[in-house]
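All remarks here apply to the structure that follows.
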Amino acid sequence: MGNQTRNFPKGRESRTSAPLYAVAAVIAAGFVFSMAASLPGHLSYDSVIQLLEGRAGVYSGWHPPVMSWLLGLGDALAPGAALFVMADALLLFGSLLSILWLAPRVSWVAAAVAGLSVLLPQFLLYPGIVWKDVLFANASIAGFIVLAHLERNWAHAFGRFALSLLALLILTLAVLSRQNGAILLPFAAFAIGWMARKHGSSVGKAAALGVAGLACVIVLAAIVTVALSTRVSAGRGMSKQVRLLEFYDLVGGLAADPQVALPTLRQSKPALLRLMRSDGRRLYSPARSDTLAHSSRLQAALAAAPDNVLHKPWLEFILHRPGLYLRDRAEVFRWVFLTPGLNACVPYVVGLRGPPRIMNELGLRERVSARDRWISGYASVFAGTPIFSHLTYFVLALGELVFLLWRRRGNDGVFVCLLSGALAFCGSFFFVSIACDYRYLYLLDLTALVSLSYLSLDARLARER
């Protein structure tokens with residue numbers, strides 16, 4: 001059968017089969033177990049700060065404001081993060097459940113894959129953690145799965161409109177949840193163009209539809225960004241994050257070669273440059289930028305400088321010493337991708353911890369319950385194994401991508417775009433990473449596992465004409 005080409009019916013073959021119900025039951029149980037292990041949610045310092053921002057309606061801009069806004073909405077209905085956690089988890093488990101309707105048949109292999117997947121920390125623990133990376137991954141996968149349903153219902157005008165609108169909203173949420181999340185949009189646009197072409201549109205019209213979908217998400221994301229920016233504290237936001245990246249790269253260059261010339265910075269801020277050459281070089285780590293905060297005088301000098309003070313020196317460094325810049329970036333990326341010191345890369349958090357002052361304002365107490373300790377112990381079993389390794393999911397994603405490109409059946413094209421977008425997002429951290437936190441590439445892990453679930457529904461190898 002491996003080299004045969006067959007036409008498969010688009011009807012709902014075996015819709016009432018026992019494997020279908022088994023897979024649905026496993027996914028539903030996975031959601032229940034995940035929430036039982038997590039509610040009212042696992043919050044780290046950043047999560048607690050964002051919850052306060054959401055309640056106050058004033059955002060720092062250090063994190064995507066949409067995260068604080070959503071936490072504020074949930075908190076207004078039920079104090080805390082429980083409603084946010086449930087809605088976030090439903091994005092993942094609901095979209096995973098919906099892929100049962102994307103295949104003409106469901107095999108028992110899918111039940112086994114679903115059963116193993118929901119036992120992994122990526123499904124059991126992560127959906128309960130209040131992190132923007134989790135929201136971004138869940139929304140990204142849900143958006144592409146809606147696009148897969150759009151392909152299946154393309155011939156129905158109302159279904160096409162409703163699913164297009166839903167995909168637009170969910171993908172906009174994904175873009176708003178992560179600073180570099182917009183890298184997924186070209187892949188979503190390509191998926192739209194591919195399905196339009198598959199259903200008879202000309203190349204020009206298919207391309208126009210893809211571009212239109214891309215433009216709609218960009219415009220809607222821009223509108224929401226402008227609306228939320230009215231609540232961002234003055235002097236905060238993206239400019240500070242860009243400056244931190246430039247600062248980290250320049251200190252990394254000086255740590256590798258103290259003789260790196262930065263004439264513009266020497267003229268404009270000589271005191272800052274001296275501290276970068278002394279304290280910065282001593283404290284620099286390719287694993288985390290946090291170590292640079294251990295010098296109060298270095299941080300004070302940086303805070304006193306204008307946001308744009310490092311723009312020109314950073315560009316000069318890249319242009320004049322590209323080899324050194326790329327070597328430094330490669331070492332930083334090695335840490336975020338391979339996480340050679342997993343404990344330093346915060347693989348997960350459990351319980352509730354935050355700055356004492358903010359905890360008091362929210363009326364919260366630090367929490368590390370027996371249930372939290374149990375789920376932490378469970379997740380720690382996988383530490384140091386391929387389960388907690390982005391390399392594992394990278395290899396799995398590449399294999400899935402090759403197989404889907406060869407098979408080209410049904411909704412395979414949409415999952416090709418999802419996998420390609422996840423790999424591109426992973427690659428973007430080569431240039432923007434300033435820490436090795438495991439959650440940054442959570443999208444890669446989750447995409448590989450969800451795509452495996454999709455492939456396991458109907459594992460027949462025959463290609464479609």
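- Taking the six-membered ring where tryptophan is involved, the planes of Tyr438 and Phe388 are perpendicular, since the angle between them exceeds 60° and thus also 30°.
- Looking at Arg243, its side chain never comes within 3.5 Å of a backbone N or O of His311 through a donor-acceptor pair.
- Between Trp194 and Phe190, the distance separating the two ring centers is not shorter than 6.0 angstrom.
- With sequence neighbours excluded, the residues satisfying side-chain contact (heavy atoms from CB on, under 4.5 Å) with Leu404 are Arg407, Asp412, Phe415, Val416, Leu419, Tyr454, Leu455.
- The backbone N or O of Tyr348 lies less than 3.5 Å from no partner atom in the side chain of Arg439, so there is not a single donor-acceptor pair.
- The aromatic ring centres of Phe333 and Phe429 sit 6.0 Å or more apart.
- Residue Trp335 places its CH2 atom among more than 12 non-hydrogen atoms of other residues, nucleotides or ligands, all under 6.0 Å distant.
- Side-chain atoms of Trp314 and Phe247, non-hydrogen and from C-beta on, never get closer than 4.5 Å to each other.
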Inset, instruction - Could you walk me through whether Glu361 and Arg357 pass the salt bridge (charged side-chain N to carboxylate O under 4.0 Å, His left out) test, one step at a time? - result: CA-CA 6 Å; Glu361 287 188 48; Arg357 179 184 62 82; 2.5 Å; yes
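- Ring pair Phe33/Phe123: centre-to-centre distance not below 6.0 Å.
- Counting heavy atoms from C-beta on, the side chains of Leu90 and Phe31 come closer than 4.5 Å.
- In this structure, Arg288 forms no cation-pi arrangement with Tyr248, as its terminal cationic atom is not both closer than 6.0 Å to the ring centre and no more than 45° off the ring axis.
- Using modelled atom types, one side-chain atom of Thr172 and one backbone atom of Leu168 make a donor-acceptor pair closer than 3.5 Å.
- Within the 4.5 Å cutoff, the side chain of Met67 has no heavy atoms near those of the Tyr59 side chain.
- Looking at Thr392, its side chain does come within 3.5 Å of a backbone N or O of Pro386 through a donor-acceptor pair.
- Here the two rings, on Phe394 and Phe337, have centers that are under 6.0 Å apart.
- Between Tyr126 and Tyr442, the ring-plane angle classifies as parallel under the 30° and 60° cut-offs.
- You'll find the side chain of Pro127 stays beyond 4.5 Å of the side chain of Val85, heavy atoms only.
- Between Leu254 and Leu273, some side-chain heavy-atom pair lies under the 4.5 Å cut-off.
- Not counting sequence neighbours, the partners of Ser44 by the side-chain contact (heavy atoms from CB on, under 4.5 Å) test are Asp46, Ser47, Trp131, Val349.
- The backbone N or O of Gly377 lies less than 3.5 Å from a partner atom in the side chain of Ser380, making a donor-acceptor pair.
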